[in-house]
Amino acid sequence: MTCKQLEALITDARFQELKFRQERTNVFTIVGQTHTEHWHSSFLSWLLDAHSSLRLGHFPLARLLNLYMIKKPDCGFTLRDIYAWDLDAVRFCTEKDASCQGKKRSIDVFGESDELMLVIENKVNARENFNNSGQGQTIDYYHYAESVKKPGQRTLYFFITADQKQTCYADMYVQISYQEMFDSILSRCMAHPQVPEDSRYLLEQYAANLRETVRGSNTPMALVNVNLCKSIYDDYAEILDGVFQAAQEADSLRDSSDPACMAYDHYRDIFDEIFLSVDERYGRTPKARLQRQSVSFTELYRRGAVTDGMIFRMTCDGEVYQARTVLADDRCSCYFQVLDEQGKPFVKNGQIVGIYENPSQAGVDVINLRRERKGIPGRVKTLRGTTAWINDAGLGIKDLIDRY
């Protein structure tokens, strides 16, 4: 790694644009409300209301309904229904009174028309409230909505969360992460040719707020500069990989004389965001400061995207590798297990080994193990396992994440 190579990367206009986006203060930070649940609910209500000052009509709401349909294939409606509904008639509010059966409740975001009722539970930095009972608040909202809905009115339930691993008590809700909200709705609105400049500014401010880490964790609510980061990585992959590796292996960045370590130490936030945006190993940044939001195999199993024993294959070095999904003894937690050439589990000291939470590390280890056994020089250091492993239906893990 030379200073000339690093200089080319650091002075690239895209690298400096990413730096500028990170350093630009957003209004949520100024007023100290970066991850206040009520503020996020108010923003969602404004975003989805066809008559808000956003002035994009029902475009955002249609994107939300389309995402609901994709994530819940058995929802009972199609694109034709979405196009036929009078989405302009849906009115939104926050903190909707939903007291029912003697329980005082309020729905975070509530939308209603003669055709539709939308119940949105929003979780930013909290877990579902059980109120010292055996039932979560989401089932109370369900009972309320079903008790007041009009004849012919369709009720849709959303559980929007900053933590993709968090699930809600009531299984009739469709879980949507803030990353999915950004990818499917917010970014589409920001790119819309008819969005006014003042509305675009508000959307950009909100997006900048989403990249802030949630209090008490080291996880951003959403990665919002993925396209920019991938563009940088496409042109500087070798240099960036060298920086990430050097930072990972350094005992002390501050004391290192390696130019890559010096650059990483100075531009750590920029390098970390690039790393998180292009790395699909569900891992952490080189010095474990930030963690990428990820969808676990347990979540994929819960969604119905994978089944127990689903076979995956990967080709590398002209060799075919096998793995499968396996359920833990609790029959709820799901993992990824690599298999040997005969399709059997690896066994060490009488114990089954080779069970992982993410497919990328599983792929790296099984490839390097076979290389070592066959005397093949070189070791794989990184692998985009979400696209490398393919099931019998021809779908990669990323395809399953996107589809479900």
Side-chain angles (χ1 to χ4, degrees), residues 37-38 40-52 57-124 126-131 133-161 166-178 180-181 184-185 299 302-304 404:
E37 203 164 272
H38 180 68
H40 283 279
S41 296
S42 296
F43 186 90
L44 289 177
S45 179
W46 172 79
L47 177 70
L48 298 173
D49 195 318
H51 303 278
S52 75
H58 61 251
F59 178 79
L61 177 56
R63 306 284 71 72
L64 177 66
L65 296 177
N66 189 62
L67 180 58
Y68 184 102
M69 183 182 67
I70 291 172
K71 300 200 71 173
K72 189 176 176 61
D74 62 348
C75 63
F77 63 84
T78 66
L79 275 175
R80 186 174 286 108
D81 295 309
I82 294 177
Y83 297 151
W85 288 330
D86 183 6
L87 300 184
D88 288 342
V90 182
R91 293 294 191 271
F92 284 89
C93 67
T94 60
E95 299 301 316
K96 164 71 174 177
D97 179 49
S99 300
C100 184
Q101 300 176 351
K103 296 180 181 179
K104 185 170 179 59
R105 295 291 201 190
S106 60
I107 298 171
D108 289 335
V109 183
F110 183 81
E112 187 176 20
S113 68
D114 289 338
E115 297 171 304
L116 295 170
M117 182 185 294
L118 281 69
V119 175
I120 301 176
E121 174 61 13
N122 181 30
K123 291 297 181 189
V124 175
R127 296 292 171 179
E128 182 169 356
N129 189 346
F130 279 71
N131 275 10
S133 70
Q135 293 187 159
Q137 62 193 122
T138 50
I139 197 67
D140 293 332
Y141 301 149
Y142 168 77
H143 290 318
Y144 167 80
E146 295 299 315
S147 69
V148 301
K149 75 175 183 179
K150 305 169 186 174
Q153 196 176 40
R154 182 186 296 270
T155 52
L156 305 178
Y157 301 92
F158 300 82
F159 189 76
I160 299 179
T161 173
Q166 183 179 183
T167 57
C168 68
Y169 175 83
D171 59 9
M172 68 283 299
Y173 285 69
V174 167
Q175 180 166 324
I176 296 175
S177 69
Y178 270 90
E180 291 168 323
M181 286 284 292
S184 298
I185 304 174
E299 174 64 16
R302 192 188 69 82
R303 294 180 187 178
Y404 293 86

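Computed over heavy atoms, backbone and side chain alike; hydrogens, waters and symmetry mates excluded.
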Note to self: Is the shortest side-chain heavy-atom distance between L156 and F77 below 4.5 Å?
What the structure shows: yes
Margin query: Please give me the minimum heavy-atom distance between R154 and C75, naming the atom from each residue.
Written below: NH1-O, 3.6 Å
Note to self: With rounding to the nearest 0.5 angstrom, report the CD1 to CG distance, I160 to D108.
What the structure shows: 9.5 Å
Note to self: Quick check: closest heavy atoms across T94 and S45, and the distance to 0.1 Å?
What the structure shows: CG2-CB, 3.8 Å
Notebook entry, point to check: Does a sphere of radius 6.0 Å around CG in D114 hold more than 12 heavy atoms from other residues, nucleotides or ligands, not counting ones at 6.0 Å or beyond?
Noted result: no
Checklist line | Straight-line distance of L64 CG to H58 NE2, nearest 0.5 Å | finding: 13.0 Å
Note to self: Run the side chain to side chain contact (heavy atoms under 4.5 Å, CB included) test on Y144 and K96 for me, step by step, so that the C-alpha distance in whole Å, both residues' side-chain angles and the decisive distance to 0.1 Å come before the verdict.
What the structure shows: CA-CA 11 Å; Y144 167 80; K96 164 71 174 177; 3.4 Å; yes
Next item on the list: Please examine the side chains of V119 and Y142, heavy atoms only from C-beta on, and report whether any two atoms are closer than 4.5 Å.
Entry: no
Margin query: Would you say the rings of Y157 and Y141 are close, in the sense that their centroids are separated by under 6.0 Å?
Written below: no
Next item on the list: Over all heavy atoms of both residues, which pair between E112 and K150 is shortest? Give the atoms and the distance, please.
Entry: OE2-CE, 4.0 Å
Note to self: Using every non-hydrogen atom in the two residues, find where A50 and D88 come nearest and quote the distance to one decimal.
What the structure shows: CB-OD1, 3.5 Å
Notebook entry, point to check: To the nearest 0.5 Å, how far apart are CG in L48 and CD1 in I185?
Noted result: 6.0 Å
Notebook entry, point to check: What's the shortest heavy-atom distance between T138 and Y173, and which atoms?
Noted result: O-OH, 2.7 Å
Margin query: Using every non-hydrogen atom in the two residues, find where L67 and S184 come nearest and quote the distance to one decimal.
Written below: CD1-OG, 3.8 Å
Item checked: Side-chain touch F110/E95, heavy atoms, less than 4.5 angstrom -> no
Check: So do M172 and T155 actually touch side chain to side chain, heavy atoms under 4.5 Å?
Finding: no
Next item on the list: Check step by step if side chain to side chain donor-acceptor pair (under 3.5 Å) holds for N122 and Y178.
Entry: CA-CA 10 Å; N122 181 30; Y178 270 90; 2.5 Å; yes
Margin query: So, taking the atom named CG in D49 and the one named CG in L44, what distance separates them when rounded to the nearest 0.5 Å?
Written below: 12.0 Å
Next item on the list: Kindly indicate, with the supporting measurements, whether the criterion side chain to side chain donor-acceptor pair (under 3.5 Å) is fulfilled by Q175 and T161.
Entry: CA-CA 7 Å; Q175 180 166 324; T161 173; 5.4 Å; no
Checklist line | Between CD on residue E115 and CG on residue L87, distance to nearest 0.5 Å | finding: 8.0 Å
Notebook entry, point to check: Where the side chain of S52 meets the backbone of W46, is there a donor-acceptor pair that is under 3.5 Å apart?
Noted result: yes
Margin query: Taking the basic N atoms (NZ, or NE/NH1/NH2) and the acidic carboxylate oxygens, is any pair closer than 4.0 Å for E180 and K71?
Written below: yes
Note to self: How long is the straight-line distance from CG of L61 back to CZ of F92, given to the nearest 0.5 Å?
What the structure shows: 4.5 Å
